[in-house]
Amino acid sequence: MTAPRNVPEKPALEGLEAKWDRVWEADGTYRFDRTATRDQVYSIDTPPPTVSGALHVGHIFSYTHTDTLARYHRMRGKQVYYPMGWDDNGLPTERRVQNFFGVRCDPSLPYDPDFAPPEAPGKDELPISRRNFVELCEQLTATDEQVFEQLWRRLGLSIDWRLTYATIDERSRRASQRAFLRNLARGEAYQQEAPSLWDVTFRTAVAQAELEDRERPGAYHRLAFKRSDGRDLLIDTTRPELLAACVAVVAHPDDSRYAPLFGQTITTPLFKAAVPMVAHTLADPDKGTGAAMICTFGDTTDVIWWRELDLPVRAIVDRGGRLVSDPPPGIDPGPYAEIAGRTVNGAQQRIVELLKESGELIGDPRPITHPVKFFEKGQRPLEIVTSRQWYIRNGGRDQKLRDALIGRGRELNWVPEHMRVRYENWVGGLNGDWLISRQRFFGVPFPIWYPLDADGRPDYRRPIAADEARLPVDPSSDAPPGYAEDRRDRPGGFTADPDVMDTWATSSLSPHIACYWEDDPDLFERTFPMDLRPQAHEIIRTWLFATVTRAHFEHGALPWSTAAISGWVLDPDRKKMSKSKGNAVTPMATLEAFGADALRYWAASGRPGTDTAFEEGQMKVGRRLAVKILNASRFVLGQEPAADSEAAETLDRALLAHLGDLVDDATAAFDRGDYARALESTETSFWSFTDDYLELVKNRAYGGRGGRAGASARHTLETALDVYLKLFAPFLPYVTEEVWSWWRQGSVHRSAWPEAGELRAEAGDVNPAAAAVAADALREIRRIKSDAKVRLGAAIATATVTDTAERLAVLAQVAEDVADAGRCRELLTAVGTELSVTAELEAETAA
RNA sequence: GGGCGCGUAGCUCAGAUGGCAAGAGCGCUUCCCUUACAAGGAAGAGGCCGGGGGUUCGAGUCCCUCCGCGCCCA
């Protein structure tokens, strides 16, 4: 019986990607079936890549990991909900739109429905409304998304491409505003006038999660303050320019040098302000002279001192990083006129000169290097200014909430497990709530207005919330409920909240956006809480934590059950690959050079959470594996089909038993998120299948030992091929699909994951050692030929296998296969203590 | 300074609950065009598992300590 099998004469990898991408798209292979119920669904909270950036191999790496899991669960019978998001919210996009079109966002302007951007960016940026700006953003990112999608498709991500979202699109804005309004209604969001970290370049407040310390040069300046008894009190400071903002002098309560001074009044140099001497445990006796000036505000410790010691405010730095023009009360305005309006650096220079002249600078400044807080995207040190900001509670000021959120972290299944610690350290170390307002113009605006009193002053205590049914709104162009647009910014009318939300305030809702929260309750119920959040480890403190917090408030639950944290891709120098370092590799070029399956093989061999070197050698190995699969499949499928036959021979049944174990191993590995282990097991097994089993049964498969033994071999070969194709399918989607199409209907990616039980049932009570005994004997025979420098096909007259009686008993069951594979006319055995083989080579007849 | 991870053949890495006389691939050496595969196949060489202590019948695997590297945080 010869069934038509479409096995090519010279199978090749070239062209498979374009071919199968087309078929998968046409057949809807990866489409989500939304009639599936929640327990039949596996849903993935795909990280939305920043479209204004470029994809690099790091993306290839981690997105491949997720895709292998998606494909595995699909084959396990789940409906996989695997959408793709695009992150086009936030500063990178804002800057890109500005530069590309030569415009800037001005929310005070009305929307112009006929607006068209200038042909070429002009000299001056053209101010446009927020809505127009968002439209340009969507226009620009649409092309970026195309490029990204092409790459993802080439890589073979099994995304349902009907399911995409963008973080600035209407649905995302609606979800973001809705969640905020609900936080506000429940008291989880609040606004407060308070000192907060401020970036003077971007002129916006920034959150604790966006800070980073950078080592910067500075200098200790020793200043002479005056005690009430007229003696000097020396204080070291790195920020003498803040002297005018000094509100107190502090020392440690146990510091005997200063104990007598506590409660007394100290006079500051130059400005002659009278400030109290106070005690606080955060004052470090070993730093400088042990006494420090408290300024409003030089650093975060100043904020703590100011708050806990109930000190007044004497603010001198404005939001642009310059000193305010008018001196604060209580200081000598004379010297202040010298520094008013200067930048912080300029003020420092002048202050030092003034202190030198007055003799109040003791000695020369002593240069040091110290950590300074920066906005992670900023270039100038952060200042601390007092401003009105929106916050969402995150446990930073509430132990009970903090404990609850740490509890959520413990509920979550972390892959790898040790990443949980990063979450706990971060949440445990919070020192304030999450500041979500940004004084930017592009982004999701707060759906909030304020009533204006008769004098036109906003009443911040009575914010007017948007109607949920009308979201998303832009308060700068939409009027609040109960007001007409002509009451905007008029006494007795209303004014819009000018701020936008932090990008994390929107991306923390990615599960809600992806699952159509409130927009499609039926779909939401089938997909949320999600199963998997894949992401990078450096944004555990931001994206992961914020997402957990929002879901905790909104649903009292985790947003997903598992978080899979990926590692970095390192270059050969063990440094993280990134574009800025100039060592990043272009993904498309790599894809074209090695093929998607090869690149995926490299990516999938990086264990979960482990940093992995970018190594072309691994890609070559992946390519070789894919070619091997083609060739081995050609051999298996080139035989007569073995319909209705069964595994009768010992060697065949031993292979089936081994395959049962392999399936168990790979399945268990996938179930704990360890795709790399599943690949490694499968690959190791597959190579021994081709190297040993295939050679051992070749003669039988060709019919050398008659019908039943041959059918057994062919049947087992087919069964094994079926299993290997399925186990490799999550990693090598193209080559496995290609081979599948030679003899099977449908897609391997929609086929059922193999069942270990079925394989073992057919194997019966075979001794699984038979395969190893046969392979060992064959290896010894090969060695004899190799040592004799003859070809492997050379015939052996008589071979004698010496081994233990136990192993010889097993060998007896597979002896014919060994003799055939070794080309031995006669195979004898002798009992001994360990395996050895001797052989008499047959004389080669001259060809 | 704190936390986490890592340090196993020249290179890239595996080595669950301690049993290994230490594994894979690449690279290297030698051989082989055998009817799946010469962009291949076979065989082989190569390691005091970062150093030092300890627990144990037994440690790459557990504990302590030191050294080096990376990341996160302060």
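One C1' atom belongs to B:G23, the other to B:C49, and the distance between them is 12 Å to the nearest Å. Taking atom C1' in both B:G47 and B:G60, one finds a spacing of 12 Å when rounded to whole Å. The gap from the P atom of B:G3 to that of B:C66 amounts to 12 Å, rounded to the nearest Å. Using P as the reference atom, B:G25 and B:G18 are 28 Å apart when rounded to the nearest Å. The same atom, C1', is picked in B:G15 and in B:A22; the two are 9 Å apart, to the nearest Å. Across B:C64 and B:G46, the matching P atoms stand 36 Å from one another, rounded to whole Å.
Residues A:Arg782 and A:Ser786 have side chains that never bring a donor and an acceptor to within less than 3.5 angstrom of each other.
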Under the rule of Watson-Crick or G-U wobble with both distances under 3.5 Å, where | means paired to another strand and [ ] a crossing pair, RNA chain B maps to (((((((..((((.....[...)))).(((((.......))))).....(((((..]....)))))))))))).
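Remark: A:Lys726 engages A:Asp722 in a salt bridge, criterion side-chain N to carboxylate O under 4.0 Å.
Distance from the side chain of A:Asp611 is smallest to B:G70 among B:G70, B:C73, B:U34. Out of B:C26, B:A74, B:C37, the shortest distance to the side chain of A:Asp213 is found at B:A74. Nearest to the side-chain atoms of A:Arg634 among the listed nucleotides B:C37, B:C72, B:C31 stands B:C37. Ranking B:C31, B:A14, B:U12 by closeness to the A:Glu680 side chain, first place goes to B:A14. Of the candidates B:C72, B:C32, B:U12, the closest approach to any side-chain atom of A:Glu615 belongs to B:U12.
At least one cation-pi condition fails for A:Arg5 and A:Trp742: the charged atom is not both under 6.0 angstrom from the six-membered ring centre and inside a 45 degree cone around its axis.
The backbone N or O of A:Ala729 lies less than 3.5 Å from no partner atom in the side chain of A:Tyr72, so there is not a single donor-acceptor pair. At distances below 3.5 Å, not a single donor-acceptor pair connects side-chain atoms of A:Glu737 with backbone N or O atoms of A:Tyr734. Here the side chain of A:Asp611 pairs no donor or acceptor atom with the backbone of A:Gly567 at under 3.5 angstrom. Between the A:Arg402 side chain and the A:Leu430 main chain, a donor and an acceptor come within less than 3.5 Å of each other. Formation of a donor-acceptor pair under 3.5 Å by the A:Thr838 side chain with backbone atoms of A:Ser836 is not found in this model.
A perpendicular orientation is assigned to the rings of A:Trp740 and A:Trp743, their planes being inclined by more than 60° (bins at 30° and 60°).
Of the listed residues (A:Phe614, A:Phe594, A:Phe731), just one forms a ring pair (Phe, Tyr, Trp, His ring centres under 6.0 Å) with A:Trp602, and that residue is A:Phe614.
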Please write out the pairs of protein N or O atoms and N or O atoms of nucleotides 1-6 of chain B separated by less than 3.5 Å, giving the distance to one decimal.
unit_1	atom_1	unit_2	atom_2	d
B:G3	O2'	A:Asn425	ND2	2.8
B:C4	O2'	A:His418	ND1	3.4

Protein-nucleotides 39-42 of chain B N/O pairs closer than 3.5 Å?
unit_1	atom_1	unit_2	atom_2	d
B:G41	OP1	A:Lys628	NZ	3.1
B:G41	OP2	A:Arg624	NH1	3.2
B:A42	OP1	A:Asp691	OD1	3.1
B:A42	OP1	A:Asp691	OD2	3.4

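The CG atom of A:Leu544 sits 16 Å away from the P atom of B:C72 (whole-angstrom rounding). We find that NZ of A:Lys789 is positioned 11 Å from C1' of B:C32, with the value rounded to whole Å.
Applying the 6.0 Å contact sphere to CZ of A:Arg216 captures more than 12 heavy atoms from other residues, nucleotides or ligands.
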- Show your working on ring pair (Phe, Tyr, Trp, His ring centres under 6.0 Å) between A:Tyr675 and A:Phe670 and close with a plain yes or no. CA-CA 5 Å; A:Tyr675 48 83; A:Phe670 264 125; 7.7 Å; no
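Between A:Glu215 and A:Gln639, it is A:Gln639 whose nearest contact on RNA chain B lies nearer the 5' terminus.
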